[in-house]
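The next block holds one structure in the form of structure tokens; read it before the comments.
What you are looking at is a predicted structure, and each value in this text was computed from that prediction instead of being measured.
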Amino acid sequence: PIATINGDEEYEIVHKTVKLPRLPRELRGLRAVVVSDIHSGPFMDKAKMDRYVARVNGLKPDLVLLPGDFVTNRREEIEPLCDAFQKLEARHGVYGCTGNHDHFDDADHVANELEHAGVRMLRDAHERIEVKGRELALIGVDDIGEGAEFNASFRRAVEGLDARLPNITLCHKPYHLEDAADYGAGLMVSGHTHGGQVVLARAFGLVFSIALLVSKYVEGLYRVDATQMYVTRGIGTVGISLRVNCPPEITVLTLV
């Protein structure tokens with residue numbers, strides 16, 4: 001077929017193996033499940049989110065990473081999401097950062113409700129987790145608004161952090177890979193693009209959609225120097241409840 005229309009229940013589980021710099025032997029094989037751009041609201045109700053949560057739990061993740069856009073545009077949309085996502089299960093925790101849609105109404109309310117639901121929100125902050133006696137750093141950058149500087153946010157997020165630790169950065173927008181590479185970030189996990197949402201074609205490593213006009217990073221794995229970034233298509237939609245050649249995505253990243 002020329003185009004595939006992706007409906008509500010059509011989603012893809014994408015498995016990727018990522019080489020993380022400085023990862024100790026004890027942490028090899030750690031599995032992080034990524035779910036982004038949920039957009040609780042008109043096109044994403046609690047029943048649908050419950051099904052996604054059950055699927056994620058079935059993957060038995062070590063970590064769950066949620067890089068932003070929990071709501072569509074209203075603060076009260078976080079309530080059904082929290083009802084569903086408080087049931088997420090991960091051996092070493094659930095972590096998130098805000099996206100641009102989370103700031104449309106009241107990002108503090110969104111983040112606070114998520115904290116109460118068991119999601120550790122990293123807003124220009126980091127957390128070290130210990131697995132089998134070794135440490136992994138998780139870094140979260142609050143959504144970068146218009147005119148804001150990624151470097152300043154990232155510096156706040158890593159203040160006091162030992163740069164030698166293997167690390168994963170959550171940053172909603174994928175525009176900042178080069179800046180993250182300047183700091184020696186190991187892996188950045190992003191969303192925001194919805195993988196294009198409506199994709200005309202894929203060729204030469206490019207995704208041809210309107211999103212390509214905004215960012216050369218639309219979906220998949222990218223690298224600058226030793227820093228890698230994975231951009232997930234996410235599970236929600238905005239504008240229209242429609243995806244073309246671009247199914248929703250739950251991502252499983254295996255660290256080696």
Side-chain angles (χ1 to χ4, degrees), residues 11-37 52-53 55-68 85 88-97 118-122 125-141 154 157-158 161-174 176-193 195 217-235 248-256:
Y11 62 88
E12 183 180 3
I13 297 176
V14 176
H15 292 264
K16 292 288 182 182
T17 299
V18 179
K19 292 183 178 180
L20 191 64
R22 303 179 295 278
L23 189 72
R25 182 175 59 254
E26 293 86 350
L27 300 187
R28 293 174 191 168
L30 200 74
R31 296 165 75 245
V33 172
V34 182
V35 181
S36 185
D37 297 274
Y52 275 115
V53 166
R55 192 66 184 92
V56 169
N57 288 344
L59 294 168
K60 307 294 185 186
D62 294 303
L63 296 167
V64 171
L65 307 178
L66 309 172
F85 275 55
L88 280 172
E89 300 169 358
R91 293 182 185 89
H92 303 292
V94 181
Y95 300 85
C97 69
V119 180
R120 173 74 172 96
M121 292 298 291
L122 300 172
H126 69 265
E127 185 153 312
R128 297 191 300 271
I129 63 170
E130 186 174 310
V131 181
K132 298 179 181 177
R134 305 303 294 266
E135 284 192 319
L136 172 70
L138 298 174
I139 302 161
V141 179
F154 194 83
V158 300
L161 180 64
D162 185 345
R164 294 170 295 182
L165 287 177
N167 61 78
I168 300 173
T169 296
L170 283 73
C171 180
H172 179 66
K173 290 174 183 166
H176 309 285
L177 175 57
E178 287 81 2
D179 295 321
D182 288 343
Y183 284 94
L187 170 67
M188 189 157 79
V189 176
S190 299
H192 184 60
T193 64
Y217 306 122
V218 178
E219 69 165 55
L221 198 59
Y222 302 89
R223 175 192 292 272
V224 169
D225 299 328
T227 299
Q228 295 182 85
M229 174 176 67
Y230 190 83
V231 183
T232 179
R233 296 190 298 265
I235 63 172
E249 173 183 345
I250 295 172
T251 318
V252 182
L253 301 178
T254 300
L255 307 181
V256 297

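Under the 3.5 Å distance criterion, the side-chain polar atoms of Asn167 are left unmatched by any main-chain donor or acceptor of Ala185. In this structure a side-chain-to-backbone donor-acceptor pair under 3.5 Å is present from Thr193 to Val218. Asp62 places no side-chain N or O within 3.5 Å of a backbone atom of Ala32 that could act as its donor or acceptor partner. Within the 3.5 Å criterion, the main-chain N or O of Glu135 finds no donor-acceptor partner in the side chain of Arg128.
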- side chain to side chain contact (heavy atoms under 4.5 Å, CB included) between Leu30 and Leu20, worked out: CA-CA 11 Å; Leu30 200 74; Leu20 191 64; over 6 Å; no
- Task: Evaluate side chain to side chain contact (heavy atoms under 4.5 Å, CB included) for Leu23 paired with Arg134, printing each intermediate quantity in order.
- Result: CA-CA 9 Å; Leu23 189 72; Arg134 305 303 294 266; over 6 Å; no
- Task: Could you walk me through whether Phe85 and Val94 pass the side chain to side chain contact (heavy atoms under 4.5 Å, CB included) test, one step at a time?
- Result: CA-CA 10 Å; Phe85 275 55; Val94 181; over 6 Å; no
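Closest of all the heavy-atom pairs between Lys132 and Glu26 is CD-O, 3.4 Å. Of all heavy-atom pairs between Cys171 and Ser190, the closest is O-OG, 2.6 Å. For the pair Glu219 and Gly195, the tightest heavy-atom approach, listed with the atom from each and the gap, is OE1-O, 3.8 Å. Looking at every heavy atom in both residues, Pro61 comes nearest to Glu89 through CG-O, 3.3 Å. When all heavy atoms of Pro174 and His192 are compared, the pair lying nearest together is CD-CB, 4.0 Å. In plain terms, the two heavy atoms of Val35 and Pro67 that are nearest each other are O-CD, 3.5 Å.
Expressed to the nearest 0.5 Å, how far CD of Glu130 lies from CG of Leu27 amounts to 9.5 Å. Summarising the geometry, atom NE2 belonging to His92 is positioned 6.5 Å from atom CD1 belonging to Ile129; distances are rounded to the nearest 0.5 Å. Rounding to the nearest 0.5 Å gives a distance of 13.0 Å between CZ of Arg55 and CD1 of Ile235. We find the CD1-CG distance between Ile168 and Leu122 to be 11.5 Å, quoted to the nearest 0.5 Å. To the nearest 0.5 angstrom, His176 atom NE2 is 13.0 Å from Asp182 atom CG. Here the OG1-CD distance, from Thr227 to Glu178, works out to 10.0 Å after rounding to the nearest 0.5 Å.
Between Leu88 and Asn57, some side-chain heavy-atom pair lies under the 4.5 Å cut-off. In this structure the side chain of Pro166 reaches within 4.5 angstrom of the side chain of Pro24, judged on heavy atoms.
No more than 12 heavy-atom neighbours from other residues, nucleotides or ligands sit within 6.0 angstrom of CZ on Arg164.
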Which donor-acceptor pairs under 3.5 Å do the side chains of residues 249-256 make with protein atoms, sequence neighbours left out?
unit_1 : atom_1 : unit_2 : atom_2 : d
Glu249 : OE1    : Arg233 : N      : 3.2
Glu249 : OE2    : Tyr230 : OH     : 2.6
Glu249 : OE2    : Thr251 : OG1    : 2.7
Thr251 : OG1    : Thr232 : OG1    : 3.1

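Using cut-offs of 30° and 60° on the angle between ring planes, the pair Tyr11 and Tyr52 is tilted. Relative ring orientation between Tyr222 and Tyr217 is described as perpendicular, the plane-to-plane angle rising above 60° on a 0-90° scale split at 30° and 60°.
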